[in-house]
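Accompanying notes for the structure given below.
If you read the sequence from its start, that first residue is 1, and numbering goes on from there.
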Amino acid sequence: MPGTLFVVATPIGNLGDLSPRALETLRAVAAICAEDTRHTRQLLARYGVEKPLLALHEHNEGELAERLVARLLAGESLALVSDAGTPLVSDPGFRLVRAARAAGVRVSPLPGPSAFVAALSVAGLPSDRFVFEGFLPAKTGARRERLAALAGETRTLAFYESAHRIEETLADMVQAFGAARPAVLARELTKLFETVLDGTVAELHARVAADADQRRGEFVLLVQGVGEDADARIAEGRRLYAKLGEHLPPSTAAKLAADLSGAPRKALYPGRDAG
Ligand code: SAM
């Protein structure tokens, strides 16, 4: 009988968030594949678990996956964890899971924390539909391009961001989404300095720029989509119409701006109501 690959979520800060079933599974498997073995060793030490650890990260995953699948097929059960939260969510593991499934190995989840779900659950932004964007590109040009492409998105947007780029990213969002777009910045969730700030993207940018403490730690940035209320949709449509109008005939610019923003076309011309 082949073994099982257990994909185990671990805490995003507070170590008490490891589930009893996750712990039981980590105790039962033959070995644990971990993104950073030193980091995972600390988690295991807290619970008195001693287990062989195998480093599995983006640079060796492709090559290691084959060997791990062979062990699974030979009957060993293995666990996959990442440094924090749910493996495969902006973390390694996709290649291993795909290889295990392709080989007919059972892959079973031990669900638990994920930073964007935790943020969404306390943000008070529309959450029945949302888009997980993960990390934006590190290079300024590519990041701005990505944000421009997302400006007409109607669903709530979820981003991961690091301390050294949070201020710059918020500044870029003011440009791409307009200053008035509602957003929530969730910092250090489940940790000592947990902070959840809400406001417009411009307000959040000002807050982060003014206070170095608000630039420390780990961040989830949630941005409300444009389609969530008619005023925001129209504001977005007018912004796009003005921009597209620089390069296209007015009727084409209006059609594209209406399609992208979801605003009625006739509301885009200055001085007109949505009617
Ligand atoms: N697999 C993880 C998950 O399920 O959330 C995400 C891993 S990703 C490499 C790490 C990023 O997640 C951080 O840079 C930050 O954006 C976000 N993150 C992780 N822990 C967080 C926390 N406690 N509070 C806020 N954001 C966090």
Side-chain angles (χ1 to χ4, degrees), residues 9-17 82-86 89-91 112-138 140 142-144 146-233 235-236 239 261:
T10 56
I12 57 168
N14 189 320
L15 294 188
D17 290 338
S82 57
D83 285 353
T86 301
V89 176
S90 293
D91 266 337
S114 194
F116 80 92
V117 177
L120 206 56
S121 73
V122 294
L125 292 175
S127 55
D128 50 348
R129 289 190 176 77
F130 56 87
V131 186
F132 176 64
E133 278 290 319
F135 289 100
L136 284 161
T140 307
R143 186 172 61 245
R144 290 183 180 162
R146 185 84 205 110
L147 289 173
L150 293 168
E153 175 57 60
T154 55
R155 295 162 291 183
T156 293
L157 292 155
F159 301 94
Y160 282 164
E161 194 47 282
S162 66
H164 65 277
R165 258 199 305 270
I166 188 66
E167 186 180 346
E168 218 178 315
T169 291
L170 279 164
D172 287 345
M173 284 184 174
V174 171
Q175 292 304 314
F177 299 157
R181 187 77 78 89
V184 168
L185 186 59
R187 183 173 78 92
E188 294 288 89
L189 292 170
T190 77
K191 303 188 209 176
L192 189 59
F193 295 107
E194 176 180 285
T195 318
V196 180
L197 301 175
D198 58 54
T200 64
V201 281
E203 286 165 351
L204 292 178
H205 175 254
R207 186 79 194 272
V208 162
D211 182 354
D213 283 343
Q214 296 302 330
R215 299 195 290 272
R216 293 188 217 285
E218 299 190 283
F219 299 87
V220 180
L221 185 48
L222 300 171
V223 182
Q224 187 167 307
V226 279
E228 302 298 347
D229 68 74
D231 288 347
R233 217 159 40 225
E236 177 61 12
R239 192 184 72 79
S261 64

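For the pair R215 (side chain) and A163 (backbone), a donor-acceptor distance under 3.5 Å is absent. For S90 (side chain) and G134 (main-chain N/O), no donor-acceptor pair under 3.5 Å exists by modelled atom type. For the pair R143 (side chain) and A138 (backbone), a donor-acceptor distance under 3.5 Å is present. In this structure, the side chain of R181 does not engage the main chain of V174 through any donor-acceptor pair within 3.5 Å. Checking side-chain atoms of R129 against main-chain N and O of T154 turns up no donor-acceptor pair under 3.5 Å. Side chain of R239 to backbone of A176: a donor-acceptor contact under 3.5 angstrom is found. Under the 3.5 Å distance criterion, the side-chain polar atoms of R187 are matched with a main-chain donor or acceptor of R216. Proximity of a side-chain donor or acceptor of T169 to a complementary backbone N or O of I166 within less than 3.5 Å is not detected.
Closest of all the heavy-atom pairs between T86 and G112 is OG1-O, 3.9 Å. Heavy-atom minimum distance, P11 versus D17: CG-C, 4.0 Å. Scanning all heavy atoms of the two residues, the minimum distance from S114 to Y160 falls at OG-OH, 3.9 Å. Between E236 and G152, the closest heavy-atom pair is OE2-N, 4.0 Å. In plain terms, the two heavy atoms of V184 and A123 that are nearest each other are CG2-O, 3.6 Å. Nearest heavy atoms, S127 versus L120: CB-CG, 4.0 Å.
In this structure, L15 CG and T10 OG1 are separated by 9.0 Å, a value rounded to the nearest 0.5 Å. We find the CD1-CD distance between I12 and E218 to be 8.5 Å, quoted to the nearest 0.5 Å. Expressed to the nearest 0.5 Å, how far OG1 of T156 lies from CG of D128 amounts to 8.0 Å. Between the CD atom in E133 and the CD atom in E153 there is a gap of 8.0 Å [rounded to 0.5 Å]. To the nearest 0.5 angstrom, M173 atom CE is 12.0 Å from E168 atom CD. Between the CZ atom of F132 and the CG atom of L222 there is a distance of 10.5 Å, given to the nearest 0.5 Å.
A distance of 6.0 Å or more separates the ring centres of F159 and F219.
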Exercise. Does the pair F177 and V226 meet the rule for a side chain to side chain contact (heavy atoms under 4.5 Å, CB included), with working shown?
Worked result: CA-CA 9 Å; F177 299 157; V226 279; over 6 Å; no
Problem set entry | side chain to side chain contact (heavy atoms under 4.5 Å, CB included) evaluation trace for D91 with D83 | CA-CA 8 Å; D91 266 337; D83 285 353; 5.7 Å; no
Exercise. Between L221 and V201, is a side chain to side chain contact (heavy atoms under 4.5 Å, CB included) present by the stated rule, with each step listed?
Worked result: CA-CA 10 Å; L221 185 48; V201 281; 6.0 Å; no
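Considering only heavy atoms from C-beta on, H205 comes within 4.5 Å of E167 through its side chain.
Summarising the local packing, CZ of F135 is surrounded by more than 12 heavy atoms from other residues, nucleotides or ligands at distances under 6.0 Å.
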